[in-house]
Amino acid sequence: MAKYNQHLLVCGGTGCRASHSDAIVESLNRALVERNLDGEVKVVMTGCFGFCEKGPIVKVLPDNTFYTQVTPADCDEIVAEHIYKGRKVNRLLYTNPENQEHVSDSKHMGFYRKQIRIALRNCGFIDPENIDEYIARDGYAALGKVLSSTPEQVISDLIKSGLRGRGGGGFPTGLKWQITSKVKADQKYVVCNADEGDPGAFMDRSILEGDPHSVIEAMAINGYCTSASKGLIYIRAEYPLAIARLKVALRQAREYGLLGENILGSDFSFDIEMRYGAGAFVCGEETALIHSMEGHRGEPTFKPPFPSESGYLGKPTNVNNVETYANIPVIILKGPEWFASIGSEKSKGTKVFALAGKINNVGLIEVPMGTTLREVIYEIGGGIKDGKQFKAVQTGGPSGGCLTMKHLDTPIDYDNLIAVGSMMGSGGMIVMDEDDCMVAIAKFYLEFTVEESCGKCSPCRIGNKRLHEILTKITKGEGTMEDLDNLRNLGQVIKDTALCGLGQTSPNPVLSTLDNFWDEYLEHVTEKKCRAGVCKSMLRYVIEPDACVGCTACARNCPVNAISGERKKAHEINQDICIKCGACVEKCKFNAIFVR
Amino acid sequence: MTKIKSLADLRKIKDDVQEKIRLRENADQPEKLVQIKVGMATSGIASGAKEVMNFLIEELEKRNVDAVVTQTGDMGYCFAEPTIEVILPGQEPVVFGNVNVKRADEIIEKYIKNGELVDGIIPRNYETIDNK
């Protein structure tokens, strides 16, 4: 076997592949062959490194050099300089935004320093399409250990570890398994919920793309513990790469006999099938998901009965989220005490977050529970883009809420986030700055829920529509104080009466912004003013007559001919015609046009 | 592909394939291992640094020393190429000059394995920003 002195890891996540990481692998290989280095250096396409902001990423090992925003054209230089002569290519290194110094390796990057990677342990480390690399990282050893133990023992360990569902609700995973295991039935199912639908969230996708075997192994463990012989992965069809990698992984696991009859010589048999969703948000709710898998409309039903008692095809079904599963093999190998030692009092372990919005380091991170929002946003996320002022962070997707400056030192865990009016959700975290209007943000989330509501129960179907109408009215500058009261009352009613989790949490973005940004709502209603300048109906573009020289540039560029005036004399904007596109401001060389 | 029929089979496969990713696992915790940097500038390569580097990688593995061997640019000791820098876990770096295969062998046996200093040490006249 050839002995490789160096490994070049290239990110093969969806984001980096969109920026041609396939071509980077090819170019690197070609450059290595040209210099006769192909026997010494191995190029590996891995899962997501998490630092999506600066992708595509190429990491050189063993010296941990972290190259960012690499293009296929840079590959020759990397090989010629770094691989051959040992000189790092400075221009491709990550630059610390604070002091503009190049950071030589990933160990010294603020982004990674505070992270603990459990669910993402293999993402950006192994080749997800090679089962051997997973096995080399103790893969399937947890399954082996479990098969020589009793289901009761494993479940009790899982309860001891304190692992809670990572899909949003935070239900104790061990307890769920226990309930399913105690129900008697001729057939049971375990289901992996990979229907990740929050705007801006890509945790589950990255795990499936970067480490599919960890989920497969955990599902088999789940099957053994609940005596289910069949597993199903419900994944949305919009995740083609994750689906492709899962298929490869399932095939490899079957070839090795790690799925199928009599796994590892035991009398336990288990196999997994895939089911594709069409991308409806409500199908992330477990009863709706089960209906969708059965071929029915993706509509939730009332619980109880819980799926643990009567789920897929009326049989007991254990549904867990992707990230929850990814934690399980490690817990079994390292023990529940180890896992319980990480995190906060009631939330153990780590959580993966997808950082998005107005933040410097957009990407995927994994931090211990109990890390504060400030640490995540400023130390890992690198602060707000363009040095702007932080305004809010939205957690928990459309079901969560917006938190402000005063919540920055809240340690993140399930209970703390609920206490401050938001929720953990699946882990989306969207950061907003001074240029974001909170009323418009609430409206955005409502648009999403109105679109995604399945329509089965009236509070969600009709109530959210009304909420959205009131918000639209306010952003148009036509809101009244009564509207604000109605928003709060209606929101509360929907929360109390909707059928499923989606409906019950859908008013959260409105209620939390009402609580935390009351001033902004008031301004919209009483002063007809949007301080962020987002709600266009409230803006007025005005020409300052003293500054205007009458060059006519604005009038010529106005798409609706709203500007009039004689040459060399001050111009004027007709507010009735103006569509507030801002083209005139860009064209004015004399800074004579203002937004009021 | 042969089926894995028992936990023992699985462990055997693990041992076989672990070699493929050992380099990556070691790179994850270099501070706990022996780290060696080989000067691979033009003068280094011309005096045989490549050969020394390959020797180090192969021999350290044969002799069961977990080490991270990387190349680096010109260290500035052109009079004493090939030059290597060795960092034992928790210790200050030591630079050795004029390292050929024979001296590399000596460095492994005496310094790396037993911590005995050998001839040819160059006083270090630089600091790296790596550890800041």
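Chain letters run A, B, ... following the sequence lines, proteins first and then strands; every chain starts at 1.
When heavy atoms are compared at a cutoff of 4.5 Å, A:R137 approaches chain B by way of both its backbone and its side chain. Contacts between A:L61 and chain B at a heavy-atom distance below 4.5 Å involve backbone atoms as well as side-chain atoms. Only the side chain of A:N64 comes within contact range of chain B, judged by heavy atoms closer than 4.5 Å. Within the 4.5 angstrom heavy-atom criterion, only side-chain atoms of A:L9, from C-beta onward, approach chain B. Heavy-atom distances place no part of A:N262 under 4.5 Å from chain B, backbone and side chain included.
Remark: A:I135 CD1 to B:I4 CD1 distance equals 4.5 Å, nearest 0.5 Å. Residue B:Q35 holds its CD atom at 10.5 Å from CG of A:D63, rounded to the nearest 0.5 Å. Going from atom OG1 of B:T42 over to atom NZ of A:K85 covers 5.0 Å, rounded to the nearest 0.5 Å. To the nearest 0.5 angstrom, B:D28 atom CG is 8.0 Å from A:S106 atom OG. In this structure, CD on B:Q71 lies 10.0 Å from NZ on A:K88, to the nearest 0.5 angstrom. The line from NE2 of A:H7 to CZ of B:R22 is 11.5 Å long, rounded to the nearest 0.5 Å.
Here the closest non-hydrogen pair linking B:V17 and A:A136 is CG2-CB, 3.8 Å. Nearest heavy-atom pair, B:L23 versus A:Q6, reported as atom, atom and distance to 0.1 Å: CD1-N, 4.0 Å. Between A:P62 and B:V68, the shortest heavy-atom distance links the atoms CB-CG1, 3.2 Å. Heavy atoms only, all atoms of each residue included: B:L10 and A:Y140 are closest at CD2-O, 3.3 Å.
Few gaps surround CD on B:Q29; more than 12 heavy atoms of other groups in view lie less than 6.0 Å from it. In the displayed structure, A:Y84 atom OH is contacted under 6.0 Å by at most 12 heavy atoms of other residues, nucleotides or ligands. When the shell of 6.0 Å around CD of A:E261 is examined, it contains 12 or fewer heavy atoms from other residues, nucleotides or ligands. Within 6.0 Å of NZ on B:K113 lie more than 12 heavy atoms contributed by other residues, nucleotides or ligands.
Between B:E25 and A:F125 the shortest side-chain heavy-atom distance falls below 4.5 Å. Two residues are said to be in side-chain contact when any heavy atoms from C-beta on lie closer than 4.5 Å; B:M53 and A:E40 fail this criterion.
Most heavy-atom pairs under 4.5 Å with chain B, from the set A:N5, A:V103, A:V44: that is A:N5. By number of non-hydrogen pairs under 4.5 angstrom with chain B, the leading residue of A:E133, A:R254, A:K42, A:R87 is A:E133. Most heavy-atom pairs under 4.5 Å with chain A: of the set B:M40, B:K50, B:R24, this distinction falls to B:R24.
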